[in-house]
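Here is the structure we will look at.
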Amino acid sequence: MTAPLHPDTVAVHSGRSDLQGLGVHALPIDLSTTNPLPDIERGGESYEAMATGGRPPADGSMVYARLWNPTVARFEEALAELEHAEASVAFASGMAAMTAVILAHGAAAGKRHVVAVRPLYGGTDHLLGSGLLGVETTYCEPDEVASSIRPDTGLVVVETPANPTLDIADIAAVVAQAGGVPVVVDNTFATPVLQNPIDLGAAMSLHSATKYLGGHGDVIAGVVACSEQTAEALRRVRAVTGGLLHPLGAYLLHRGLTTLPVRMRAQQESARRIVQWLIDRPEVAEVWYPGLRSKGSYPGLDGDQHGILERQMRGTGAMIAMRMRGGFAAASAVTSATELFTHAVSLGGVDSLIQHPAALTHRPVPPEARPAADVLRLSIGLENADDLIADLARAFAALPADETAGAAPEELHAVR
Ligand SMILES: *Cc1c(COP(=O)(O)O)cnc(C)c1O
């Protein structure tokens, strides 16, 4: 084939080139935990190759599923192709993936400092600040990356669009400021359909595959797309620490990839309609969406003064955040009143979710960086947009007339 394939085609066909030869059409699942060894010598060589991050030798064995699983490897091949990367490495969760990235670029690389651009997913913010992984973290704004780098900095972490505020960071500018220090971009919100961080110079594109890649709320997983060299370091951490993705999860993710571009487009279209509706609602103080930081006109990309969106994204996605004029009381009432939007954490699935970041997903974030108590996050699914708008309208109509009453619980107060 001559012309490069379009992402929609790659999503359907990647990781399947050997199926015809195998005489099968659907993705095979290999659940073996152990594998026959040809002989002690080749078994031992295979073990050695994979325990240090390599692939199983052609005449060897996969030895043990903590070292290699072909169903997981298939999904990794497919995701790497979608992310324009040489390789990818899958993990038991997004947090297991982030842990492996930090371990591989921290002590294992002779470094002990990480620079992290805020805002970040609450779990990532917490992990980096916890000291659990033996690294010290400097949190900063996107334009403070260069001044935060030290001789012992091994990694720069950035999330864009960020969870939950939909802040956009300029990936190429962060990479330039990092000055050779590897940058990992959490690409969970954009997915490879809308953004390819590796093309912009990032060393790694990380996903909580639990979200859009799986897309159906039934798999917890993480994955990191990167160079083959970085993949070796990450596979080594995975083999040694055991944060594995189960092959059934890998199968579901690989299957989910086939509809990812279609889901993203449909969910994004509904999200844009809902944003348009929200900015005219008196109950809503601000709407945050890529390109929009207030109640300004939309789509005016008034939040894209520097043309970042146009340079690095092919769309604005299906996540929305909003500040309720009635503060915490109104936010709390809305989460209890919606019927189609399930009040639940997580995101990126076929059904719509609503949640309160300060109380839930961003609870472990220190108060100075925690989202305010009036912020709600919406994940728009595949339901009809009119039905979702009607659901929100019903929930807003149930708000008390004097909706400014009711303060947030003490622990939810934040400076932002
Ligand atoms: C959910 C999430 C994570 C963590 O992923 P898990 O699969 O829950 O471990 C990391 N980053 C972002 C942006 C997320 O939304």
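First listed ligand is number 1; within each ligand, the first listed atom is number 1. Excluded from the calculations below are hydrogen atoms, water molecules and symmetry mates; all remaining heavy atoms, backbone and side chain alike, are included.
At least one N/O-N/O distance between T210 and ligand 1 falls below 3.5 Å. For ligand 1, the polar-atom distance check against F189 finds no nitrogen or oxygen pair separated by under 3.5 Å. Here's the thing with I220: none of its N/O atoms is less than 3.5 angstrom from an N/O atom of ligand 1. Taking any N or O of T124, backbone or side chain, none lies under 3.5 Å from an N or O belonging to ligand 1.
When atom types are taken as modelled, the side chain of Q177 and the backbone of A146 share a donor-acceptor pair closer than 3.5 angstrom. With hydrogens and angles ignored, the 3.5 Å screen pairs a side-chain donor or acceptor of S93 with a backbone N or O of A96.
In this pair, Y121 and H362 present their aromatic rings perpendicular. The plane angle is above 60°, beyond the 30 to 60° band.
Between H207, K211, M98, E159, it is K211 that holds the heavy atom closest to atom 2 (C) of ligand 1.
Scanning the protein for heavy atoms near atom 12 (C) of ligand 1, the closest one is D186 OD2, 3.4 Å. The closest protein non-hydrogen atom to atom 8 (O) of ligand 1 is S208 OG, 4.1 Å.
With a 4.0 Å heavy-atom cut-off, ligand 1 is reached by no atom of T361. At a 4.0 Å heavy-atom cut-off, ligand 1 touches A221 through the backbone alone.
The closest approach between a heavy atom of L120 and any atom of ligand 1 is not below 4.0 Å.
The number of heavy atoms from other shown groups lying within 6.0 Å of CZ (R16) is above 12.
If you look at F328 and H356, their ring centroids are closer than 6.0 Å.
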